[in-house]
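Contents: one structure, followed by commentary.
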Amino acid sequence: MCYRNEMSSKSLPSTVRVRFAPSPTGQIHIGNIRAAIFNWLFARHHGGKFLLRIEDTDRERSTPEAVQGLLDALEWLGLDYDEPPVYQTDEFPRHLEAVETLLARGHAYRGTKGEGGEVVFFRMPGEDMIFEDAVKGRLEKKAKDLPDFVILRSNGTPVFHLANVVDDITMGITHVIRGDDHVENTFRHIALFRALGATVPHYAHLPMIVNAQGKPYSKRDGAAFVGEFREKGYLPEALFNYLALLGWSPGGDREILTRKEMIALFDFAQVQSSPAQMDVRKLDWMNAEYIRRMPFELFVERFQAAMEKGGVFSDPPDPAYLRRVAALMQVRTHHFPDLPAMAGFFFREDFAWDEKTVRKRLLKPGIPDLVRKYRNVLTTLPRFEASFLEEALQATANVQGVPAADLIHAVRVAVSGLGVGPGLFEMLETLGRARVLARLEVALQRYGMAGEEGAKEHGAS
RNA sequence: GCGCCCAUCGUCUAUCGGUCAGGACACCAGGUUUUCAUCCUGGUAAGCCGGGUUCGACUCCCGGUGGGCGCGCCA
């Protein structure tokens with residue numbers, strides 16, 4: 001037997017029907033969600049249907065929370081399905097019906113195995129089998145390696161293979177796209193489709209996602225569940241893009257693609273058949289890239305949300321001020337959850353002092369004095385704008401014969417508590433004269449007296 | 001143990017018998033930014049090993065090695 005697979009064809013009829021069939025027994029693993037992404041991309045590419053089947057027959061481990069988590073994850077990633085989800089437990093009668101059919105046609109027989117009671121076995125055709133996998137190519141198996149197997153347990157419930165195939169028939173699935181770990185099962189599934197008189201679907205088995213040791217990627221290797229990436233502040237678009245490219249190459253030298261582009265380019269001919277290693281650093285780069293390319297208005301929204309989540313605001317922020325700060329932060333944001341620590345000082349006076357930077361930049365001979373002089377100049381600066389602020393600073397430093405950089409760094413830490421951040425002058429302009437003057441005063445009070453050698457212990461309290 | 005599958009820079013990959021083996025991430029160096037980030041330049045870095053086939057192999061074949069998956073009354 002041989003079943004040709006035409007999944008790489010560019011011109012499939014618009015009757016393509018694929019499904020994502022997870023078991024709701026916990027959080028959704030990224031390997032799993034990638035299978036969903038590939039199914040979705042394939043369906044959208046061919047104008048077909050992407051369906052969802054929840055394989056909740058494992059009553060012990062399936063929970064309503066897990067089902068909800070699953071639906072949330074799909075929504076978050078924008079993996080919309082075209083028909084109401086099918087719950088496998090609802091299909092139970094059909095499974096039993098199929099068993100009867102197989103029994104009646106002689107494709108199945110009753111028997112016993114091990115200690116248990118009577119079960120129903122499926123009778124394999126007893127011949128060598130071959131099928132064409134869209135990513136792995138021609139796969140074959142000798143008849144002797146394809147033994148009969150149980151399809152109905154002694155307690156009367158169907159096993160995975162039977163339920164899976166029956167549901168695929170019921171749902172009219174034309175292409176089965178799933179994880180590599182199901183490759184060997186495919187021979188059994190094909191035999192079942194045949195025995196039930198159904199059309200055998202096309203198959204595509206996706207390579208696994210592995211860790212640095214080449215072992216299946218798990219929680220021990222870092223974030224492994226969709227929910228974790230979401231909590232860590234990754235954008236769904238970035239995770240989607242990264243996962244789509246893990247094992248698939250859109251051709252050319254493309255890395256960042258819109259969904260539309262991915263849909264247009266998706267093809268199993270370009271899917272790798274060897275395992276892919278998860279590289280969080282590239283995901284991080286991609287996430288930052290998506291943040292940089294994000295429309296400013298959207299960034300402002302997300303920025304505000306992240307700051308709120310970090311408990312930064314004591315009062316609702318002034319919209320205009322918020323936007324000005326956001327404009328300074330967008331290009332240097334890698335993860336939204338980092339923002340409260342990076343930009344919290346823009347919104348509250350009780351920001352943390354990075355003592356190491358304070359010692360390095362502020363607690364040096366003559367520097368507090370210099371900061372004091374600059375502060376005095378600022379009180380009368382005609383316009384509190386970047387260019388004026390810079391000119392004034394240069395002048396102040398020059399007069400004292402000190403490198404401007406020394407004063408810049410000192411002022412930065414004095415007004416923000418940090419050693420890094422946006423350009424100093426635009427930062428000062430954004431903060432505004434009142435805040436800057438007040439903060440410089442506070443810093444001088446706090447650290448100013450420790451400006452001379454031997455007085456450092458006063459500083460870091 | 002048996003069976004099936006896989007193998008290009010550290011990582012993701014391009015290549016589909018003839019390329020200086022290309023790109024991206026990461027890393028290193030330089031420039032811009034007086035910080036960080038961004039941005040721009042440049043650089044280091046790969047065909048698992050051994051046989052064939054061929055005028056010519058990363059590409060095809062065989063063997064080896066390494067790795068993965070499967071072999072449930074789990075899914």
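Every chain is numbered from 1, with letters handed out A, B, ... down the list of sequences.
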Next on the checklist: Counting primed atoms plus P, OP1 and OP2 as sugar-phosphate and everything else as base, spell out the protein contacts along nucleotides 59-73 of chain B at 4.0 Å heavy-atom distance: B, S or - for each nucleotide, 5' to 3'.
Outcome noted: ---------SSS-SB

Item to check | base_contact_polar (B:rC36 base, A:R332 side chain, donor-acceptor, <3.5 Å) | outcome: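 A donor-acceptor contact between them is present.
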
Item to check | Option from A:I177, A:V135, A:I190 for which side chain to side chain contact (heavy atoms under 4.5 Å, CB included) with A:Y203 holds | outcome: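 It is A:I190; the other options fail the test.
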
Item to check | Test side chain to side chain contact (heavy atoms under 4.5 Å, CB included) applied to A:R361 and A:L363, A:T357, A:V358, the passing residue | outcome: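 So the option named by the test is A:T357.
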
Expressed in whole Å, how much space separates the [atom1] atoms belonging to [N] and [M]?
N      : M      : atom1 : result
B:rC49 : B:rU41 : P     : 34 Å
B:rG52 : B:rC71 : C1'   : 34 Å
B:rA24 : B:rU38 : P     : 15 Å
B:rC12 : B:rG51 : P     : 28 Å
B:rA7  : B:rA14 : P     : 11 Å
B:rU11 : B:rC74 : P     : 39 Å
B:rC60 : B:rC16 : P     : 12 Å
B:rU15 : B:rC2  : P     : 36 Å

Selection from [options] that lies nearest to any side-chain heavy atom of [X]:
X      : options                : answer
A:E255 : B:rG23, B:rA75, B:rU15 : B:rG23
A:D145 : B:rG3, B:rU35, B:rU15  : B:rG3
A:V420 : B:rU13, B:rU38, B:rC36 : B:rC36
A:Q270 : B:rC39, B:rU15, B:rA75 : B:rU15
A:K144 : B:rA14, B:rU38, B:rG3  : B:rG3
A:W285 : B:rC12, B:rA24, B:rA37 : B:rA24
A:D279 : B:rA14, B:rC25, B:rA75 : B:rC25

Mind checking if [X] touches a base, just sugar-phosphate, or nothing, with heavy atoms under 4.0 Å?
X      : result
A:Q277 : sugar-phosphate
A:R254 : nothing
A:A276 : sugar-phosphate
A:L139 : sugar-phosphate

Specify the separation, in whole Å, of atom [atom1] of [X] and atom [atom2] of [N].
X      : N      : atom1 : atom2 : value
A:D133 : B:rC4  : CG    : P     : 16 Å
A:L162 : B:rC74 : CG    : C1'   : 15 Å
A:H335 : B:rA37 : NE2   : P     : 14 Å
A:N211 : B:rC12 : CG    : P     : 11 Å
A:E289 : B:rA37 : CD    : P     : 15 Å
A:M342 : B:rU38 : CE    : C1'   : 12 Å
A:D284 : B:rU11 : CG    : P     : 18 Å
A:D338 : B:rC36 : CG    : P     : 17 Å

Counterpart base for [N], defined by Watson-Crick or G-U wobble contacts under 3.5 Å:
N      : answer
B:rA75 : none
B:rU15 : none
B:rU54 : none
B:rC27 : B:rG43
B:rA7  : B:rU65

Next on the checklist: Which is more 5' along RNA chain B, the nucleotide nearest A:Y242 or the one nearest A:H334? Just name the residue.
Outcome noted: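 It is A:Y242, whose closest nucleotide lies nearer the 5' terminus.
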
Checklist entry - Between A:L245 and A:K136, who's closer to the 5' end of RNA chain B by nearest nucleotide? => result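 Residue closer to the 5' terminus by nearest nucleotide: A:K136.
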
Checklist entry - OP1 or OP2 of B:rA14 sitting under 4.0 Å from any side-chain N/O of A:Q272? => result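 Checking A:Q272 against B:rA14: at least one side-chain N or O falls below 4.0 Å of OP1 or OP2.
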
Item to check | ring-ring contact (aromatic ring centres under 6.0 Å, His included) partner of A:F38, chosen from A:W248, A:F266, A:F20 | outcome: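 Filter result, single survivor: A:F266.
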
Next on the checklist: Side chains of A:N287 and A:Y242 only: does a donor on one sit below 3.5 Å from an acceptor on the other?
Outcome noted: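 Not at all, the side chains of A:N287 and A:Y242 share no donor-acceptor pair under 3.5 Å.
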
Checklist entry - Would you say A:Y374's side chain and A:A397's backbone share a donor-acceptor pair under 3.5 angstrom? => result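 Judged by distance alone, no pair lies under 3.5 Å.
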
Item to check | Under 3.5 Å: donor-acceptor pair, side chain of A:R332, backbone of A:L328 | outcome: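 Yes; at least one donor-acceptor contact below 3.5 Å.
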
Item to check | A:E228 atom CD, over 12 foreign heavy atoms within 6.0 Å | outcome: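 Check passes, neighbour count above 12.
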
Next on the checklist: Determine whether the aromatic ring centres of residues A:H205 and A:H182 are separated by less than 6.0 angstrom.
Outcome noted: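 Between A:H182 and A:H205, the centre distance exceeds or equals 6.0 Å.
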
Item to check | Mutual orientation of the aromatic rings belonging to A:Y321 and A:F346 [parallel < 30°, tilted 30-60°, perpendicular > 60°] | outcome: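 Aromatic pair A:Y321/A:F346 classed perpendicular.
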
Next on the checklist: Can you tell me how the ring of A:W353 sits relative to the ring of A:F351, calling it parallel under 30°, perpendicular over 60° and tilted otherwise?
Outcome noted: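 Aromatic pair A:W353/A:F351 classed tilted.
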
